[in-house]
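A quick write-up on the structure given underneath.
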There are 2 protein chains.
Amino acid sequence: MTPAAPSDGTGPQLRADAARNRARILAAARAAFRERGTAAPLDEIARRAGVNIATLYRRFPDGEALIRQVVIDGYTVLLHAAQTAVRQTPDGALPAIERWLLGLVAEREMLVLPLIGGPVVNDAEALAIQRELGALLDELLATARDQGAIRPDVTAADLTTTVALACRPLPHLDAATGQVLAERHVRVFLDGLRPGPDPSSPLPPGPTLDEVLARVYAAGPTPTPTPTPTPTPDSKTQR
Amino acid sequence: MTPAAPSDGTGPQLRADAARNRARILAAARAAFRERGTAAPLDEIARRAGVNIATLYRRFPDGEALIRQVVIDGYTVLLHAAQTAVRQTPDGALPAIERWLLGLVAEREMLVLPLIGGPVVNDAEALAIQRELGALLDELLATARDQGAIRPDVTAADLTTTVALACRPLPHLDAATGQVLAERHVRVFLDGLRPGPDPSSPLPPGPTLDEVLARVYAAGPTPTPTPTPTPTPDSKTQR
DNA sequence: CACTAACCGCAGGATATCCTTCACTTATTC
DNA sequence: GAATAAGTGAAGGATATCCTGCGGTTAGTG
């Protein structure tokens, strides 16, 4: 790879030193976010990155910018993996999809998708990546359908949903165990993708990926700040 | 239901008033935790519950106790649903499992399972619930296997993993959309449970549920506070 | 209908995190 | 090897959240 960070074009060419630390910070942030969530203190991230806190603030204007970059990097991983999948379909589209999903699960520790409590990352860059990803997945799915290798009611949104669900950390579980469990889950899911010879019930109607993207909160992380008219369901147990 | 909260037996019989507010607080906490994660301020939870902050602290010694109770309640929902499933298997064990999973997904907004950044809830009560749940699921799975209705390599841990993955909120998505996506995902997963007539690859070996429970972090939420010897992988894009 | 548990409103100290600033040192680049 | 971008260490103000305490009020309970 090139010394600096060649990406969105606006790069003012970081010095080797700076690029290295930037990468370290992002790696530490990924780990911290997966373990402690968005609440992970920036001090701790800097410490884990072996970098002074001032350096972190030099690279990222504030904590939100750091989170945003981590999420964007996550989307980028999905996209690149999908591009590879589209290119390598000698044995059919479904196997390519399977490799895509299992590959992502395998490197899930590297992945941080949108976090609960984190900022909404739906700027132009994020949307562009997601839309391109959607197009690639649609392409793969269409091919798989034509090959009769997949049930016809599965959509690109279903695949991204699976990534989102299976690649987030399982709280309080070590990485290795979470890894194994997630992979087993995904493998069962993948088997469910095959066209059912038996009367497997069709999926209920769902939104397209574009619709999902459109429904992501435009404002802050507080969608329905309902002052609580909730009649309160019951909850058992005593303290 | 009875006026107070009849559960673990240690209940000093809350007044009707108190029990009501307690339930409201827990409901508000569930909603807040699903939206903002563990970082949800207690003030906000109290406000959303239509209750003064002092009342919250009267019911729960501190924030952790509140989180713990919410999680325990979540486990309890799983357990009760499983008990119902075991009782109602006229059409076989697999359909009962399917109803169990789909039912949980349907009421996922009511469910809060362990949260990233939250305390580790693995006290005696939680473990007892989880073990009983595991026993019930093992029973259902064994029956389903005997009936030849399910692939033989699926374990109770796979089922709880699926609940954990599918019932957590999809960040930044409204409840309804998350609901639909989660249900579609689970339906595909369920179809993957059927015994494959075709050469569906067997699942890689995985831990039993007891092993998973044993591996839950005993200490705090910081398992590997590695000061970061990580050689830092690369990350693209520029700020 | 009296008793009192429970709730409310509010004030305030403790702590943690965020983010900035600055003088000084180190490492990279040309 | 000189110019300078980048990093270090440390101090400190601004918030936000946690949690406690107390007098006054409300509302179940028997």
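Because the structure is a prediction, the values reported are computed rather than measured. Every chain is numbered from 1, with letters handed out A, B, ... down the list of sequences.
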### Query
Does the side chain to side chain donor-acceptor pair (under 3.5 Å) test come out yes or no for A:Thr177 and A:Asp174, once each step is laid out?
CA-CA 6 Å; A:Thr177 303; A:Asp174 61 294; 2.7 Å; yes
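- Residue B:Asn21 places no side-chain N or O under 4.0 Å from the OP1 or OP2 atom of C:dA6.
- Looking at heavy atoms from C-beta onward, B:Arg59 lies out of side-chain contact with B:Val51 at the 4.5 angstrom threshold.
- Backbone-only engagement by A:Asp17 is indicated by non-hydrogen atom pairs under 4.0 Å involving sugar-phosphate atoms exclusively.
- For the residue pair A:Asp158 and A:Phe189, the shortest heavy atom distance occurs at O-CZ, 4.4 Å.
- Side-chain atoms of A:Thr76 and A:Ile72, non-hydrogen and from C-beta on, do get closer than 4.5 Å to each other.
- For A:Arg184 (side chain) and B:Thr161 (main-chain N/O), no donor-acceptor pair under 3.5 Å exists by modelled atom type.
- The interatomic distance linking A:Arg59 (CZ) with D:dA6 (C1') rounds to 7 Å, in whole Å.
- Distance, B:Leu56 CG to C:dA6 P: 15 Å, rounded to whole Å.
- Distance B:Arg47 CZ to C:dG9 P: 13 Å, rounded to the nearest Å.
- The backbone N or O of A:Thr84 lies less than 3.5 Å from no partner atom in the side chain of A:Trp100, so there is not a single donor-acceptor pair.
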### Per-nucleotide protein contact string for nucleotides 18-24 of chain C (B base, S sugar-phosphate only, - none; heavy atom under 4.0 Å)
SBB----
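- Comparing the helix axis at one end of the helix from C:dC1-D:dG30 to C:dC30-D:dG1 with that at the other, each defined from 5 consecutive pairs, gives an inter-axis angle of 50° (nearest 10°).
- Applying the 4.0 Å criterion to OP1 and OP2 of C:dC7, one finds that B:Arg58 has a side-chain N or O inside that range.
- In this model, the phosphate group of C:dG9 is approached by a side-chain N or O of B:Asn52 to a distance below 4.0 Å at OP1 or OP2.
- Distances shorter than 4.0 Å separate none of the side-chain N or O atoms of A:Arg20 from OP1 or OP2 on C:dA27.
- Looking at B:Arg99, its side chain does come within 3.5 Å of a backbone N or O of B:Gln88 through a donor-acceptor pair.
- Going from atom CG of A:Leu14 over to atom P of C:dT28 covers 14 Å, rounded to whole Å.
- The side chain of B:Arg15 contributes no N or O atom lying less than 4.0 Å from OP1 or OP2 of C:dT4.
- Put simply, CD1 on B:Ile25 is 13 Å from C1' on C:dC8, counting in whole angstrom units.
- Atom-to-atom, CD of B:Gln13 to C1' of D:dG30 comes out at 15 Å; the value is rounded to the nearest Å.
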Solution key, residues 105-119 of chain B side-chain donor-acceptor pairs under 3.5 Å, sequence neighbours excluded:
residue: B:Arg108; atom: NE; partner: B:Ala166; partner atom: O; Å: 3.3
residue: B:Arg108; atom: NH2; partner: B:Arg168; partner atom: O; Å: 2.9
residue: B:Glu109; atom: OE1; partner: B:Arg34; partner atom: NE; Å: 3.4

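- The side-chain heavy atoms of A:Phe33 and A:Val70, taken from C-beta on, include a pair separated by under 4.5 Å.
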